[in-house]
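A short worksheet on the structure shown next.
Heads up: numbering here begins at 1 and tracks the sequence.
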Amino acid sequence: METGRWSAQGRPLAPRTINLRVGEACNFLNWAACNGHRRPFEVATRDILAPPSRSQKFQAGRSYRTVKVRLGVARLDPVMLHIPRDAEVDSWLKSVRIRRGFTKWLMCLLITRTAIRREEAVQWQIDTLPLERRDWLRTGDHVTVSIASGAKGAKRRNARGQEIGPVRHIVMPIEVALALEHYRHTLRPGLRARYVKAATSGAERRARMQETTTCLFLSDTTGQPVSAQRLYEAWTDTPCLPYKGWSPNCGRHYWACKSLLTHANVQESTAELVAAYGDDHHPVISAARDHINLYIRPQLGHFDESTTQRYLVWLRRTMLLTNVALDYGRKLDDMDWGGPRHG
């Protein structure tokens with residue numbers, strides 16, 4: 001499986017797939033041994049420290065737990081996140097606005113500034129951001145709102161009969177909240193009127209006037225709610241992509257990594273992070289992990305524990321590169337160039 005010798009295309013399997021298959025084989029052999037179908041079968045294991053389970057993480061004094069891991073597991077290759085520079089994201093957003101219009105630009109901006117999912121942006125409701133500013137839950141330069149439409153998880157029906165997921169509280173910059181308010185009060189009514197006027201008969205016009213939609217975002221061309229497919233096309237169909245493969249889900253990673261890097265504070269903790277490389281129990285790494293669990297995870301909604309490790313790998317790599325650049329600059333400053341120095 002590792003070399004691909006058993007594959008028709010000669011391709012090796014992913015480490016995660018190999019581990020799942022071998023684990024299932026071990027389970028079967030254990031079952032066969034317990035039922036007398038074969039000789040006793042033992043799986044060689046070792047003890048490791050792992051993050052607490054969901055049921056344990058809120059118990060006092062439970063930070064890590066000991067679990068047994070099979071020896072010889074295929075090592076998972078950490079997926080290196082590709083996070084674009086702010087200038088690249090800004091150029092991409094400008095191209096979206098020029099090519100796809102204000103509405104889809106605002107939806108893309110909302111994803112990159114709040115890390116919501118594509119479907120959550122599509123189903124963003126008119127009143128997700130409270131209609132009156134006095135009802136906004138504001139803390140400093142951020143506003144907290146609750147979202148459930150389009151969210152992953154167990155579904156239920158709300159008072160409007162709409163299917164919604166678990167409620168999640170997210171924060172957004174105040175400038176994004178103001179842009180949403182402007183769109184809701186100034187631009188959206190005109191888009192809805194455009195949809196009504198596009199009717200080809202009086203009866204169709206009256207029927208469209210009776211239609212209602214609680215989705216905030218309406219197409220700049222048709223006045224109908226923007227679909228997930230149209231949003232994806234607006235996101236990806238532009239010559240100014242930050243990199244090949246840039247998608248709405250990458251926009252969520254972009255927000256998370258920017259948040260983590262800001263929290264890490266490059267100027268104060270670079271040297272410590274270099275010393276902490278590979279040490280998951282170092283205070284700097286522990287602080288970054290806490291920020292992920294207490295702030296980033298609730299903002300993004302549930303994600304796999306492996307995502308936490310991906311963010312930590314990205315942070316270490318970014319901070320190490322920063323440290324190398326700083327050291328290089330200092331060495332250049334300290335060099336004796338053999339010539340007269342000018343002030």
Pairwise side-chain contact, [X] with [Y], heavy-atom cut-off 4.5 Å (strictly under):
X	Y	answer
I292	L312	yes
I170	I116	yes
H253	Y311	yes
M107	R118	no
L129	R184	yes

Testing the basics here: between [X] and [Y], what is the closest heavy-atom pair and its distance to 0.1 Å?
X	Y	result
T213	P225	OG1-CG, 3.6 Å
T114	W255	N-CD1, 4.0 Å
I164	S149	CG2-OG, 3.8 Å
S91	C240	O-CB, 4.1 Å
N19	R70	OD1-NH2, 3.7 Å
R168	A151	NH1-CB, 4.4 Å

Between [X] and [Y] (side chain of the first, backbone of the second, donor and acceptor by atom type, cut-off under 3.5 Å), is there such a pair?
X	Y	answer
T139	H142	no
E204	T200	yes
R208	Y195	yes
R39	F41	no
D127	L131	no
Y243	H82	yes
E88	R85	yes
T238	A234	no
T103	L218	yes
E120	R117	yes

Has [X] got more than 12 heavy atoms of other residues, nucleotides or ligands less than 6.0 Å from its [atom1]?
X	atom1	result
E24	CD	no
R38	CZ	yes
K155	NZ	yes

*Identify whether the distance between the nearest side-chain nitrogen and carboxylate oxygen of R100 and D220 falls below 4.0 Å.*
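No.
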
*Carboxylate-amine/guanidinium proximity below 4.0 Å for E119 and K152*: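 Looking at K152 together with E119, the answer is no, because their closest N to O distance does not fall below 4.0 Å.
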
*Step by step, would you call E233 with R230 a salt bridge (charged side-chain N to carboxylate O under 4.0 Å, His left out)?*
CA-CA 5 Å; E233 292 170 357; R230 289 289 180 260; 3.0 Å; yes

*Would you say the side chains of T214 and Q162 form a donor-acceptor pair under 3.5 Å?*
yes

*Just checking, any donor-acceptor pair under 3.5 angstrom between side chains of D86 and Y254?*
yes

Count I, L, V, M, F, W, Y as connected when their side-chain heavy atoms are under 4.5 Å apart, and connections chain through other members. Are [X] and [Y] then in the same cluster?
X	Y	answer
M1	V43	no
W136	I126	no
L13	L20	no
I98	W105	no
V145	Y295	yes

Spacing of [X] atom [atom1] and [Y] atom [atom2] [to the nearest 0.5 Å]:
X	Y	atom1	atom2	result
Q299	S259	CD	OG	8.0 Å
K104	C108	NZ	SG	9.5 Å
L106	R188	CG	CZ	12.5 Å
Q125	S146	CD	OG	13.0 Å
L315	L260	CG	CG	4.5 Å
Y183	F102	OH	CZ	8.5 Å

_One pair to check against side chain to side chain contact (heavy atoms under 4.5 Å, CB included): R192 and M209. What are the steps and the verdict?_
CA-CA 9 Å; R192 192 60 182 170; M209 292 177 64; over 6 Å; no

*asked:* Just to verify, which of I147, T144, L137 counts as forming a side chain to side chain contact (heavy atoms under 4.5 Å, CB included) with H169?
replied: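 Exactly one candidate clears the test, T144.
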
*asked:* R113 vs E175, test: salt bridge (charged side-chain N to carboxylate O under 4.0 Å, His left out). Steps then yes/no.
replied: CA-CA 10 Å; R113 297 298 188 270; E175 59 267 22; 5.7 Å; no

*Could you please spell out the steps behind the side chain to side chain contact (heavy atoms under 4.5 Å, CB included) verdict for I111 and L231?*
CA-CA 11 Å; I111 291 175; L231 174 57; 4.2 Å; yes

*Hey, what's the ring geometry for W246 with W92, parallel, tilted or perpendicular (30° and 60° as the breaks)?*
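Correct class here is perpendicular.
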
*For W124 and V226, what are the C-alpha separation, side-chain angles and deciding distance, and is it a side chain to side chain contact (heavy atoms under 4.5 Å, CB included)?*
CA-CA 10 Å; W124 189 277; V226 177; over 6 Å; no

*Worked check of side chain to side chain contact (heavy atoms under 4.5 Å, CB included) between V96 and L109*: CA-CA 10 Å; V96 171; L109 179 72; over 6 Å; no

*Residue pair H37, W31: steps toward the ring-ring contact (aromatic ring centres under 6.0 Å, His included) verdict*: CA-CA 9 Å; H37 300 304; W31 171 87; 5.4 Å; yes

